[in-house]
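Note on naming: letters A, B, ... go to the chains in the order of the sequence lines (proteins, then strands), and numbering restarts at 1 for each one.
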There are 2 protein chains.
Amino acid sequence: MTLRAVDIIQRKRDGAELGVDEIRFFIDGYASGAVPDYQAAALAMAVFFRGMTAAEIGALCESMMRTGEVLDLSDLPGPKVDKHSTGGVGDKTSLILAPLAAACGVYVPMISGRGLGHTGGTLDKLESIPGFQVRLSLSEFRRVLRSTGLGLIGQTPEIAPADRKLYALRDVTSTVESLPLIAASIMSKKMAEGLDALVLDVKVGDGAFLTKYEDSKALAQTMVSIGRGMGKKVAALLTGMDQPLGRTVGNALEVVESIETLKGRGPRDLESLSLELTAWMLSLAGASPSLEAARGQAREALRSGAGLRKLQEVIEAQGGDPRVCDDTGLLPRARETVELRADADGRVTAIRCRAVGHAGMLLGAGRETLDSRIDPAVGIVLSKKVGDLVVQGEPLLTVHVDDRGRLDDALAILREAVAIGPEAPPAVPLVREVIA
Amino acid sequence: MTLRAVDIIQRKRDGAELGVDEIRFFIDGYASGAVPDYQAAALAMAVFFRGMTAAEIGALCESMMRTGEVLDLSDLPGPKVDKHSTGGVGDKTSLILAPLAAACGVYVPMISGRGLGHTGGTLDKLESIPGFQVRLSLSEFRRVLRSTGLGLIGQTPEIAPADRKLYALRDVTSTVESLPLIAASIMSKKMAEGLDALVLDVKVGDGAFLTKYEDSKALAQTMVSIGRGMGKKVAALLTGMDQPLGRTVGNALEVVESIETLKGRGPRDLESLSLELTAWMLSLAGASPSLEAARGQAREALRSGAGLRKLQEVIEAQGGDPRVCDDTGLLPRARETVELRADADGRVTAIRCRAVGHAGMLLGAGRETLDSRIDPAVGIVLSKKVGDLVVQGEPLLTVHVDDRGRLDDALAILREAVAIGPEAPPAVPLVREVIA
């Protein structure tokens, strides 16, 4: 029986479960150009409506992964482990946990993405460090990994090219918001990294990519089962994204905060989530006898400064200026700052995360479309977090701005984003649930 | 607010009703190339799942029509009326009713299609007449119409180009079976013919394009409402396609049967449906004071031979050999005939229409794919129809064949298609329901 793309589309359209052979045929054809964009768009929309079974999602992930190179890091003498976040506002944990984990003896081959819309991206943050190169070839990546224990790069053309192509197509055909396609896309890249273990940080709440808790949970479960189906140790932490993580939003500002955190002077929420994710990485990778022991190792790597030194090493290995770790004044700085002050006494009851991310984007810290240019220096520094006491006239946050063009729009959004009321809301733990 | 194709897709995906401006923007862009195939494929699949309101379908139809030329036949001194069938097996009524209606004083500007799969097409039948040209320019078409009162051509590139493009795309993206898209596609071409009135023959039953009665009825209602929304008189007849219409299936064989019918010697079902559709055409177009009077006019045009003379005129005007009306031996004839005989006594209880059409296709009378070549001479002649008495060994049908390559397959299908039992099934009227 000859496979035809049109029949595969029809079977998915009519609710059938596609076979591994059908999915592989379609994805291989799409990567080679034998299956045109219009057939892939029709299939993606059919998947949007019909969903996919776990077996289909696994086959989709593996097929996309196999269209490109799959790293074999077995020559590196230690476990390989990475963390992936579904994206948030002020989420700079990668810059903290990757050095901490590497300092504890595991390899962290991290292939990251860029920010889009209200969410930031690790690559953009790294590129605010003068000289830092995120576009390494796979052989350079391997060299940096071997020498420092970690490497921080962007998706290369060799990694899952079918996913790159499909992701760009989904963006222009309104088929992004499909759980099976999101899960397979993320995992096709992560599974190409040659990992032993992967920790997923799936954001929940207002600032998360998926705003409904149950959707985020389903995504987490799906990704965990894909990874396990491919023989990897995988756990997912569902973590709150109801207010920005830490106090900074904006690329260079977040690098400064990450360095401060590695010096033991970071905000509590950012430090504790970074340590917890590091502990899960060490524990899943088998580098610690227990999660509790791993937590101790992670804390020690922070306290001793070993994490900070690892960050400095990788910055140097990837062409950046390592002195930024000692003197953050070397990072780009915006021309001016504008304070937003409280117009009432009370407690901060909410800092709407999506709105803060959106304001950051208007200032130039994020991308409106895939080809927008970003300004590494600009962003927002929160003086208050949810639960804090405020007095009328006190600064709530500071905006770092270069181009005043959209400043008023950003300030208006920020003014709305910070809510002040009589009482602090009940404290909620940052880690809501663990799928392990 | 700038319209963007990606937003229009998303709104349809999420179940919103699209505005006329959105649909026009998308279709105009698709016709011009500004909206690429992959976005049209995604929209078509979203429409497959979400459907369209009557207002959306009307806007889609009109937008597709307006991407091309819309005939203005107001200079012709009389009402303009056409008939469209959703396609069947042995359905040659167009060849009979178009001349009959023209003989009764209306203009019939008929733009037809080709057969595909188990169904035949008017153009293929006409092309079995030596010399007959179905590819006229619109100005030649206009000249033939003026001189003879009817014209029978294929879709030209000037008529609804967006529909041509979308139809080809739907064929390769499994988005054919969508009622709104089917209805808008048919009507975008018919409404470009410059008609005053249109009669729709929507087939129901085993041999129909849509096999469920309710689906055919919904299609009929949708097309009627589109046409009326565009200011035309439209009626739909739901007619049975449970056995082939008349006794012949195959292009030249059907032309012979049409000529015989115009001579008053046709099979009862074919004659009566052709007359009834003619009467509806005359009555809707206002060429008769009542449907009953129109029935009388149509019968008289048949009895007097005026219909046959009109057919002869149009054949001559479109380059065909008009002598075929007197000597059907001038039409192509297959090299040999093979009889299929009854293997039991009894009554014919069913002649499965889709199977007969499929057997005809295997013999070369129809197209398996859009670019298959057809053989005008081959086909099937039924000796028995449903309800007829048969004696074991009597011929049930005769196969006209040129290439024996797939004869055995065709015969096996035909053997299965004709069912013989003890009792005739209850007679059902050919016209099941009228939407007027």
*Given the rule in the ring-ring contact (aromatic ring centres under 6.0 Å, His included) test, do B:Phe49 and A:Phe49 qualify, once you have shown the distances and angles that lead to the verdict?*
CA-CA 7 Å; B:Phe49 282 100; A:Phe49 283 99; 4.5 Å; yes

*Against chain A, label B:Asp171 side chain, backbone, both or neither, depending on which of its atoms sit under 4.5 Å from a heavy atom there.*
backbone

*Non-hydrogen atoms of chain B under 4.5 Å away: do they reach the side chain of A:Ile8, the backbone, both or neither?*
neither

*Greater than 12 external heavy atoms within 6.0 Å of A:Phe25's CZ*: yes

_Using the side chain to side chain contact (heavy atoms under 4.5 Å, CB included) definition, which of the options A:Arg11, A:Gln39, A:Arg13 pairs with B:Ser174?_
A:Arg13

*Options B:Lys12, B:Arg4, B:Glu177, ranked by heavy-atom pairs under 4.5 Å with chain A, top entry*: B:Glu177

*asked:* For B:Thr175, which atoms come within 4.5 Å of any heavy atom of chain A: side chain, backbone, both, or neither?
replied: backbone

*Mark yes when over 12 heavy atoms from residues, nucleotides or ligands other than B:Arg164 sit less than 6.0 Å from its CZ; otherwise mark no.*
yes

*Can you tell which part of B:Leu43 gets under 4.5 Å to a heavy atom of chain A, answering side chain, backbone, both or neither?*
neither

*How about B:Glu416: does its CD atom have over 12 heavy atoms from other parts shown lying under 6.0 Å from it?*
no

*Report the distance from atom CE of A:Met45 to atom OH of B:Tyr38, rounding to the nearest 0.5 Å.*
13.5 Å

*Return the minimal non-hydrogen interatomic distance between B:Ile9 and A:Thr173, and the atom names on each side.*
CG2-O, 3.4 Å

